[in-house]
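One structure is given here, and the rest of the page talks about it.
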Number of protein chains: 2
Amino acid sequence: MVETRRQQIDSVAGALFRERGYAATSVRDIAQRSGIQGASLYAHVASKEDVLWSIVQGAARRFHDAASAVSEHTDLTAADRLRRMIQAHVAVVTDDLGQASVFLHEWRHLSDSRRAAVLAARDTYERRFRQVIEDGQRSGGFATVEAGLVTRAILDALNGICGWYRPDGRSSPTQIADHYAELFIHALKSTPEDPP
Amino acid sequence: MVETRRQQIDSVAGALFRERGYAATSVRDIAQRSGIQGASLYAHVASKEDVLWSIVQGAARRFHDAASAVSEHTDLTAADRLRRMIQAHVAVVTDDLGQASVFLHEWRHLSDSRRAAVLAARDTYERRFRQVIEDGQRSGGFATVEAGLVTRAILDALNGICGWYRPDGRSSPTQIADHYAELFIHALKSTPEDPP
DNA sequence: CCTACCGATCGGTAGG
DNA sequence: CCTACCGATCGGTAGG
């Protein structure tokens with residue numbers, strides 16, 4: 001699969017923004033690693049912020065699509081849906097660490113309206129996780145702890161993966177996802193001895 | 001308690017670095033919010049990086065001291081020590097959001113040697129958490145899951161708090177800490193039905 | 001702690 | 001996609 005120059009710019013910039021942060025990365029850095037002159041970058045993009053926006057939109061779509069695919073399985077138990085959502089999230093993160101961590105950490109450098117759009121998308125996504133947890137509390141044997149706090153704990157743990165995951169490390173993405181899913185599902189399952 | 005100008009610079013810079021990031025914050029921004037001229041900042045600090053370093057060192061010390069205080073209680077069970085370490089960590093984070101999130105996210109802008117020192121300190125700190133979990137697996141009824149992965153899940157969840165915590169929000173730092181502690185301790189407790 | 005100033009680098013444009 | 005260039009801003013210094 002051949003990458004167009006435009007796609008190359010996004011993936012190169014994604015890696016650089018992840019390494020150094022958006023503000024500390026110059027358009028010359030991006031151009032150099034793409035094999036062109038600094039000013040030539042503007043033959044492909046309108047501004048540095050547009051590169052960031054393109055990366056952020058790409059990541060947002062991948063997270064959204066992954067969660068949507070799980071939502072279709074209305075026949076599954078809450079625990080099984082939560083497991084699949086965790087697996088899908090981990091897969092998106094580990095698939096493109098640059099894109100994911102830019103989406104998670106660099107969106108504050110976007111313009112006001114774009115930043116607001118990102119926050120709204122993240123909010124919707126978080127609500128999908130909370131929904132599954134609340135479903136499990138109503139009918140799937142999940143303990144009735146504060147669903148909002150558990151949701152944040154899970155998502156922060158999953159997002160933290162892009163801070164330490166290495167493709168050549170001990171655990172594969174699948175192993176990490178399975179461990180995390182079991183950990184949090186076990187945490188949510190109310191034990192028989194628990195008071196009602 | 002009166003803040004010296006030097007202390008004011010650190011707390012002002014901590015808040016700004018948290019809001020905009022280190023690279024996107026100018027020394028003029030810090031000076032202005034401190035009520036002095038841009039160049040006057042250099043009457044108090046040698047460089048912009050020294051301000052970052054001072055904040056990072058302060059946070060590192062607070063995390064270290066908080067965990068050390070818990071380690072002294074060798075009479076407690078692993079679960080109780082883990083609970084206290086979680087409570088201590090959440091307290092440090094919520095006590096000074098700027099300092100904590102700069103420590104967690106902006107250390108990559110330090111010089112090579114300072115960055116290495118931060119990574120070493122974080123590694124030591126992480127090992128303390130893993131130690132308690134492994135203790136619990138040996139003698140405290142904790143399930144024998146991958147201790148490294150659980151440790152990262154817990155720390156990433158705790159560190160994520162400084163991304164959404166608001167002093168005027170629903171949950172107090174103590175409530176958050178207690179919920180998180182119960183969640184993860186419950187996740188670690190092996191159920192009687194579990195195979196050995 | 002201030003005013004005045006410096007070289008370097010930034011994002012971006014003109015014209016080909 | 002390149003060369004040449006621009007105004008703005010950056011971290012930091014000199015001298016008081």
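Naming convention: chains lettered A, B, ... in sequence-line order (proteins, then strands); numbering from 1 in each chain. We use all heavy atoms of the structure for the numbers below, so side chains are in, but hydrogens, waters and symmetry mates are not.
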>> One pair to check against side chain to side chain donor-acceptor pair (under 3.5 Å): A:W53 and A:E49. What are the steps and the verdict?
In response: CA-CA 6 Å; A:W53 181 231; A:E49 199 211 308; over 6 Å; no

>> Need to verify one output field. Residue with the more 5' nearest nucleotide on DNA chain C, A:T25 or B:G35?
In response: B:G35

> If you pin B:H44 and A:E49 to their nearest nucleotides in DNA chain C, which one's is more 5'?
Replying inline: B:H44

> When you check the gap from the basic side-chain N to the acidic O, do A:R83 and A:D178 get nearer than 4.0 Å?
Replying inline: no

> Can a salt bridge be assigned to the pair A:R84 and A:D80 using a cut-off of 4.0 Å between side-chain N and carboxylate O?
Replying inline: no

>> Taking pairing as Watson-Crick or G-U wobble with both contacts under 3.5 Å, can you name the mate of D:dG16, or confirm there isn't one?
In response: C:dC1

> Given that A:R28 and A:G38 both sit by DNA chain D, which one's nearest nucleotide is further toward the 5' end?
Replying inline: A:G38

> Hey, do the aromatic rings of A:H89 and A:Y125 have their centres closer than 6.0 Å?
Replying inline: yes

>> Classify B:S34 by what it touches in the nucleic acid, base, sugar-phosphate, or nothing, heavy-atom distance under 4.0 Å.
In response: nothing

> Hey, any chance A:W164 and B:F129 share a hydrophobic cluster, counting ILVMFWY side chains that come within less than 4.5 Å of each other, even indirectly?
Replying inline: yes

> Under 6.0 Å from the six-membered ring centre of A:W107 and within 45° of its axis: does the NZ or CZ of A:R115 meet both?
Replying inline: no

> Using a heavy-atom cut-off of 4.0 Å to chain B, what are the terminal contacting nucleotides of DNA chain C, in 5' to 3' order?
Replying inline: C:dC1 to C:dC5

